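Contents: one structure, followed by commentary.
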Amino acid sequence: MAENEYKPQTNFIREIIKEDIKNSKYGGRVHTRFPPEPNGYLHIGHAKSICLNFGLASEFGGLCNLRFDDTNPTKEEVEYVESIKNDVRWLGFDWGDRLFYASDYFDQLYQYAVQLIKFGNAYVCDLSPQEIRDYRGTLTEPGKESPYRKRSVGENLDLFERMRAGEFEEGFRTLRAKIDMKAGNLNMRDPVIYRILKATHHRTGDKWCIYPMYDFAHCISDSIERITHSICTMEFEDHRPLYDWFLDQLGIYHPQQIEFARLNLSYTLLSKRKLIELVERGYVRGWDDPRMPTLSGLRRRGYTTESIRDFCERIGVAKRESLVDIALLEHCLREDLNKRSPRVMAVLRPLKVVIVNYPDDLLEEMEAINNPEDPGMGTRKVPFSRVIYIEKDDFREEPPKKFYRLAPGREIRLRYAYFIKCVDFIKDEKTGEVIELHCTYDAATKGGDAPDKRKVKATLHWISAAHALEAEIRLYEHLFTKENPGDLEEGQDFKVYINPNSLITLKSCYIEPTLRNTEPGDFYQFERLGYFCVDPDTINGKLVFNRTVTLKDTWAKIEKMQKGK
RNA sequence: UGGGGAGUCGUCCAGUGGCAGGACGGCAGACUCUGGAUCUGCUUACAGGGGUUCGAAUCCUCUCUCCCCAGCCA
């Protein structure tokens, strides 16, 4: 669809892989993996990584595993595992029979730890968390060696076994790699590789009370799975020497790690911690709130997998920190939706219009095109009668410059129907608000064309009052008012930038009767307004729509500029 | 002040010794029964200084700026 004419650009990872294949590194094999921790929902930033890992694998005839890095039972849940699997599938990727968990490797990981101890490369340390911190030194000062660093292999083996057996309390002992307390790279200052956690794991239950740290488990998991290219984000760049160390000490298979910059999106936050906070403190309705940048949120909002994949291709892959304009995501969305969405008419803020010279008892069916971008989608009949609704925004008592729509004395076209001219309007006496229009129609313009070739400047959408379906419509804007809500002043709370207008609910909107049997997941273009989809809250005939994205709106831009003057 | 990484249009990404290019955005116009779509044009960038070279975004060198690292998180 969207990728018809678009030539994907290359990126440095693709070039590395091409080179590796050419040189027969890993025997020309390409095997990647997407390794999420099941402690939250996936967001658009993960989509970038998923598209990269699965995309590269399929491009080069390789494989991509889905592996959960589930080494911290205090934070991980089955709910997250399920949502992640669902989201990856939704994006259109298939891990085949290669669904793995770091917890699958706990026995092996334990054996590797024992091996490290036997080689004299790891020791059981009795320092408290605070002491470990103190001994680590700082960014500019070297650390001090732990007094337990010189324990004998035999003692270490015994202690580690007893850690496993549950003899010690949490925090009282750890297993540490014996590397270099003076290293400039803090990751090499005798990192903890096993800690005591008396927590039930979502997969291994109570089998273990010691759990490997991420750094230890991750690189070995990649090794076990014989991953060729371990693609990860930049912050792991200085963990790479540690991974190299583990793998070299153990003498096991060594994947190649390649780091790239994570995605940042304007007016959006992609920090798991902050997204969790939005959900748990009720700033949004849940992980799938249509304002959330989570894949489940985007899905409910009406984003298509095609548009997200297109976006991930277009943003490219590089190592520098960047802030991608959310307008690009919206562009990809509109481009996809424009080609696929059936057109339909809906009035968000209704203004009653009586066509005074139209027969009281007449009902006509106007033929409307379902999608001008795709004639194959056919036409439909839309009922027309004497009383209709138009959009409040489409009438001005005193039209400003460049306002082409309806105004007293002005003639416009009703889409697929007639030319009408406004001859009178009624105001609410108290508020002064225009509440009803009187118009005349020209019977000769049926269908929307004037035999005398006269032109009108505007075409408006409308709904026949007698046939209108009522619906609730939810309008969304960016969740944050600040372009980069992740960039905060010292001590500032990101929540002060939450957009108070990010959700506006309109309760009495009118839509075409042709949508009577529409169902959650269906999507449409409401002509002149935007793309909308049916929300799962649609039950028992009560229709609820989400505005996925507006159409580009030239008039809104002009009006904003006029007001800005 | 230690270690690691990065600086190219407003934004994102190419270009790796030979005319700085694409996409998004913005602006202007054409067309239009959606102020949509489509089409056309325009706009603007190599962090800075020195050097090598016939020629430097690209190589060397110095400087500046930004990001990451002091979890028994991942």
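Source: prediction; values computed, not measured. Just so we're on the same page: letters track the sequence lines, and every chain starts at 1.
Distances shorter than 4.0 Å separate some side-chain N or O of Arg195(A) from OP1 or OP2 on C73(B). In this model, the phosphate group of A74(B) is approached by a side-chain N or O of Thr71(A) to a distance below 4.0 Å at OP1 or OP2. For Lys272(A), no side-chain nitrogen or oxygen approaches OP1 or OP2 of C73(B) to under 4.0 Å. Checking the phosphate oxygens (OP1, OP2) of C24(B), a side-chain nitrogen or oxygen of His331(A) falls inside 4.0 Å. Proximity of Lys319(A) to the phosphate of G7(B): no side-chain N or O atom is located under 4.0 Å from OP1 or OP2. Applying the 4.0 Å criterion to OP1 and OP2 of U32(B), one finds that Arg413(A) has every side-chain N and O outside that range. Between Arg136(A) and G71(B) there is a side-chain polar atom (N or O) within less than 4.0 angstrom of OP1 or OP2. In terms of phosphate contacts, Lys552(A) brings a side-chain nitrogen or oxygen within less than 4.0 Å of OP1 or OP2 of G25(B).
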Are any protein N/O atoms closer than 3.5 Å to N/O atoms in nucleotides 14-18 of chain B? If there are, list each pair with its distance.
unit_1	atom_1	unit_2	atom_2	d
A14(B)	OP1	Val317(A)	O	3.0

Polar atom pairs between nucleotides 57-59 of chain B and protein, under 3.5 Å, N or O only, would you list them?
none

Could you list, one pair per line, each protein nitrogen or oxygen that sits under 3.5 Å from a nitrogen or oxygen of nucleotides 64-67 of chain B, together with the distance?
none

For RNA chain B, the dot-bracket pattern of Watson-Crick and G-U pairs whose distances stay under 3.5 Å, | for other-strand partners: .((((((..((((....[..)))).(((((.......)))))....(((((..]....))))))))))).....

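Comparing G71(B), C24(B), G4(B) by their nearest atom to the side chain of Arg133(A) picks out G71(B). Set against G5(B), G35(B), C12(B), the side chain of Glu237(A) has G5(B) as its closest nucleotide. Checking G35(B), U34(B), C24(B) against the side-chain heavy atoms of Leu551(A) singles out U34(B) as nearest. Comparing A74(B), G36(B), G5(B) against the side chain of Tyr214(A) picks out A74(B) as the nearest.
Here Arg343(A) lies in heavy-atom contact (under 4.0 Å) with a base. Here Met213(A) lies in heavy-atom contact (under 4.0 Å) with sugar-phosphate atoms only. Across all strands shown, Thr174(A) has heavy atoms under 4.0 Å from base atoms, whether or not it also approaches the sugar-phosphate. When heavy atoms are screened at a 4.0 angstrom cut-off, Thr140(A) is found touching base atoms of the nucleic acid. Across all strands shown, His461(A) has no heavy atoms under 4.0 Å from either base or sugar-phosphate atoms.
Taking the six-membered ring for Trp and the full ring otherwise, Phe526(A) and Phe545(A) have centroids separated by under 6.0 Å. Two rings, from Tyr389(A) and Tyr510(A), have their centers less than 6.0 Å apart. Between Phe68(A) and Tyr101(A), the distance separating the two ring centers is shorter than 6.0 angstrom. Ring centroid separation for the pair Tyr243(A) and Phe236(A) does not come in under the 6.0 Å cut-off. Ring-centre distance between Tyr194(A) and Tyr211(A): not below the 6.0 Å cut-off.
Residues satisfying the side chain to side chain donor-acceptor pair (under 3.5 Å) test with Arg164(A), not counting sequence neighbours, are none. Contacts of Tyr441(A) classified as ring-ring contact (aromatic ring centres under 6.0 Å, His included), with partners at least two apart in sequence or in another chain: Tyr358(A), Tyr418(A). In terms of the salt bridge (Lys or Arg N to Asp or Glu O under 4.0 Å) criterion, residue partners of Glu364(A) (sequence neighbours excluded) are, by chain and number, Lys446(A). Residues that satisfy the side chain to side chain donor-acceptor pair (under 3.5 Å) test with Thr514(A), not counting sequence neighbours, are Glu512(A). In this structure, Trp245(A) has no ring-ring contact (aromatic ring centres under 6.0 Å, His included) partners at least two apart in sequence or on a different chain. Qualifying side chain to side chain donor-acceptor pair (under 3.5 Å) partners for Ser221(A), counting only residues two or more places apart in sequence or in other chains: none.
Residues Gln525(A) and Glu527(A) have side chains that never bring a donor and an acceptor to within less than 3.5 angstrom of each other. Between the side chains of His461(A) and Arg415(A), no donor-acceptor pair is found at a separation under 3.5 Å.
Annotation: A57(B) and A45(B) have their P atoms spaced 14 Å apart (nearest Å). Spacing between G22(B) and U8(B) at atom C1', rounded to whole Å, works out to 13 Å. Comparing the C1' positions of G2(B) and G17(B) gives an interatomic distance of 36 Å, to the nearest angstrom. Taking the P atoms as reference points, U40(B) lies 34 Å from G48(B), given to the whole Å. Spacing of C1' atoms, G71(B) relative to C66(B), comes out at 25 Å, to the nearest Å. With P as the reference atom, G10(B) and A47(B) are 12 Å apart, rounded to whole Å. With C1' as the reference atom, A6(B) and U44(B) are 23 Å apart, rounded to whole Å.
Counting only residues at least two apart or on different chains, the side chain to side chain donor-acceptor pair (under 3.5 Å) pairs with a member in residues 168-182 of chain A are Asp126(A)-Arg173(A).
Heavy-atom distances under 4.0 Å link RNA chain B to Pro372(A), Glu373(A) of residues 368-378 of chain A, given in residue order.
Checking side-chain atoms of Asn65(A) against main-chain N and O of Arg67(A) turns up no donor-acceptor pair under 3.5 Å.
A salt bridge links Arg262(A) with Glu235(A): the distance from a Lys NZ or Arg NE/NH1/NH2 to an Asp or Glu carboxylate oxygen falls below 4.0 Å. Between Arg203(A) and Asp104(A), at least one side-chain N (NZ, or NE/NH1/NH2) sits under 4.0 Å from a carboxylate O, which counts as a salt bridge. Between Asp69(A) and Arg33(A), no side-chain nitrogen of the basic residue sits less than 4.0 Å from a carboxylate oxygen of the acidic one, so the salt-bridge criterion is not met.
A donor N or O paired with an acceptor N or O is not found under 3.5 Å between the base of G36(B) and the side-chain atoms of Arg334(A).
Regarding His239(A), its NE2 atom lies at a distance of 14 Å from the P atom of G4(B), rounded to whole Å. Per the geometry, CG belonging to Asn484(A) stands 12 Å off P belonging to U11(B), to the nearest Å. The distance between atom CZ of Arg314(A) and atom P of G22(B), rounded to the nearest whole Å, is 15 Å.
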CA sep, side-chain torsions, deciding dist, call: Glu306(A), Arg340(A), salt bridge (Lys or Arg N to Asp or Glu O under 4.0 Å): CA-CA 11 Å; Glu306(A) 288 82 353; Arg340(A) 305 167 34 178; 3.2 Å; yes

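When the nearest nucleotides of RNA chain B are assigned to Glu235(A) and Asn185(A) by heavy-atom distance, the more 5′-ward of the two goes with Asn185(A).
Taking the syn range as angles within 90° of 0, the glycosidic angle of G71(B) is syn.
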